[in-house]
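All chains are named by letter (A, B, ...) in the order of the sequence lines, taking the proteins before the strands, and each is independently numbered beginning at 1. Because the structure is predicted, anything quoted here is derived from the model rather than measured.
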Protein chains: 2
Amino acid sequence: MPVARRLEDVALELFATQGFDETTVDELALAGGVGRRTFFRYFPTKLDVVLGELDDGLAALASVLREEPGDDPVAAARAAFLAVNHYADAELPALRRRLGLIEDVPELAARATVRYRDWEQTLATDAAARWGTDPASLRAQVFGRAVVAAMRAVFSAWHVRPEADAAALGALVEEAFDALARGFSSP
Amino acid sequence: MPVARRLEDVALELFATQGFDETTVDELALAGGVGRRTFFRYFPTKLDVVLGELDDGLAALASVLREEPGDDPVAAARAAFLAVNHYADAELPALRRRLGLIEDVPELAARATVRYRDWEQTLATDAAARWGTDPASLRAQVFGRAVVAAMRAVFSAWHVRPEADAAALGALVEEAFDALARGFSSP
DNA sequence: TCTGGTGGTGGCACCGAGTGCCGCTTAGCG
DNA sequence: CGCTAAGCGGCACTCGGTGCCACCACCAGA
């Protein structure tokens, strides 16, 4: 098992039992069998142990979005999100642990939203292209940010459910995009 | 001039000239004529010097929202935001400086979104009440987060404009809420 | 086999944010 | 005039994060 992976495992374990703030980097390094200095070579900050994979998700989202046809950005974004968030059953428990941490530790929630900014811009740019407008236009910007906001709501709703399986996640994504497509004025 | 106000002024000044990260708390305290320890008595963190007033905005939003009649949450939220964001001309430059910092310094952007979580829940609860549904329902949650996301887009668009006056801000708010009301599938 | 890179490692010293403790000043009051 | 209480701020400490550098393994080539 590679070092980074092992550090990630012991870190999530310690965070779950002791709490995020109560776990120092020294403990993580010790538990992972490396020096403190080496820990920081694998993860730029303590937060990144939890947030690591979000970047991969962005890359995947962008490439799927680029392939998606049609001139309706909502449909394209919906299809892209469904494609990207297709997790294997074995990954779900780890995903839930991560989401739980991000939800509960304010500092993690904060840093996660910084990562989301790239998603927002990717989505805004895509929508603008499909609409034939400027990516900096307010409507495109609102779209990009609203989609990410909706996905945060989806993950938040999903991770507190008892039956947090892949099907439930997909259904929530559908429901969220329906809301965005229809707007909020109609009942 | 009260101590907190003076610290805020010199801090925004130093942040603007040197940058946020390059300004230490020691410098802020020194420039404000207080001890470092005293600085932390007025502001729990360095970030809070910039983010301070956002909490007042939340309180105002919640109370205005409570007074707003009708069963359309979009209309209510729109009216509430227009009422709350009615700044005097003299306040606008300071507001722009703050928004610029929040936009440019990732750590500030991150912390700001943590504050926004309360706004999101307030808006979700209000929408659920008007719809007669559960505040935890996905649609209400998506609504709350999408509204805040739209407002972030508004501030972002506004603060980069040359003519960042009150009228322009109001127009952007209108446009953003129109988008949320209509949905994003229609052209 | 010796030699000279080279990449991973981690100790050490340092910085800055934030906190607990405690002694000091000063203003208000009996 | 003395007492008390509140604000102030110095001091020492913890913890996250960084720069520097010595050490060790491994591998190339002579």
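- Tracing side-chain contacts under 4.5 Å through hydrophobic residues (I, L, V, M, F, W, Y), one reaches B:Trp158 starting from B:Tyr87; they form part of the same cluster.
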## Note on the structure
With B for base contact, S for sugar-phosphate-only contact and - for none (protein heavy atoms under 4.0 Å), nucleotides 18-25 of chain D reads BBB-----

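- Taking the ring pair (Phe, Tyr, Trp, His ring centres under 6.0 Å) definition, one finds that B:Tyr42 meets it with nothing, sequence neighbours left out.
- For the OP1/OP2 pair of D:dC15 and a distance below 4.0 Å, the side-chain nitrogens and oxygens of A:Thr24 include no atom meeting the criterion.
- Close to D:dC8, at under 4.0 Å from its OP1 or OP2, lies a side-chain N or O of B:Tyr42.
- When heavy atoms are screened at a 4.0 angstrom cut-off, B:Phe43 is found touching no nucleic acid atom at all.
- Side-chain proximity of A:Thr38 to the nucleotides C:dG10, C:dA17, D:dG9 is greatest for C:dG10.
- A salt bridge is absent between A:Arg152 and A:Glu103; no separation between the charged side-chain nitrogens and carboxylate oxygens falls under 4.0 Å.
- With salt bridges taken as basic N to acidic carboxylate O contacts below 4.0 Å, one links A:Glu8 and A:Arg98.
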I'd like a table of donor-acceptor pairs (distance under 3.5 Å, sequence neighbours excluded) in which one partner is a side-chain atom from residues 104-111 of chain B, with atom names and distances.
none

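- Between B:Asp48 and B:Arg115, at least one side-chain nitrogen of the basic residue sits less than 4.0 Å from a carboxylate oxygen of the acidic one, meeting the salt-bridge criterion.
- In this structure, the CG atom of B:Asp26 is 12 Å from the P atom of C:dC15, given to the nearest Å.
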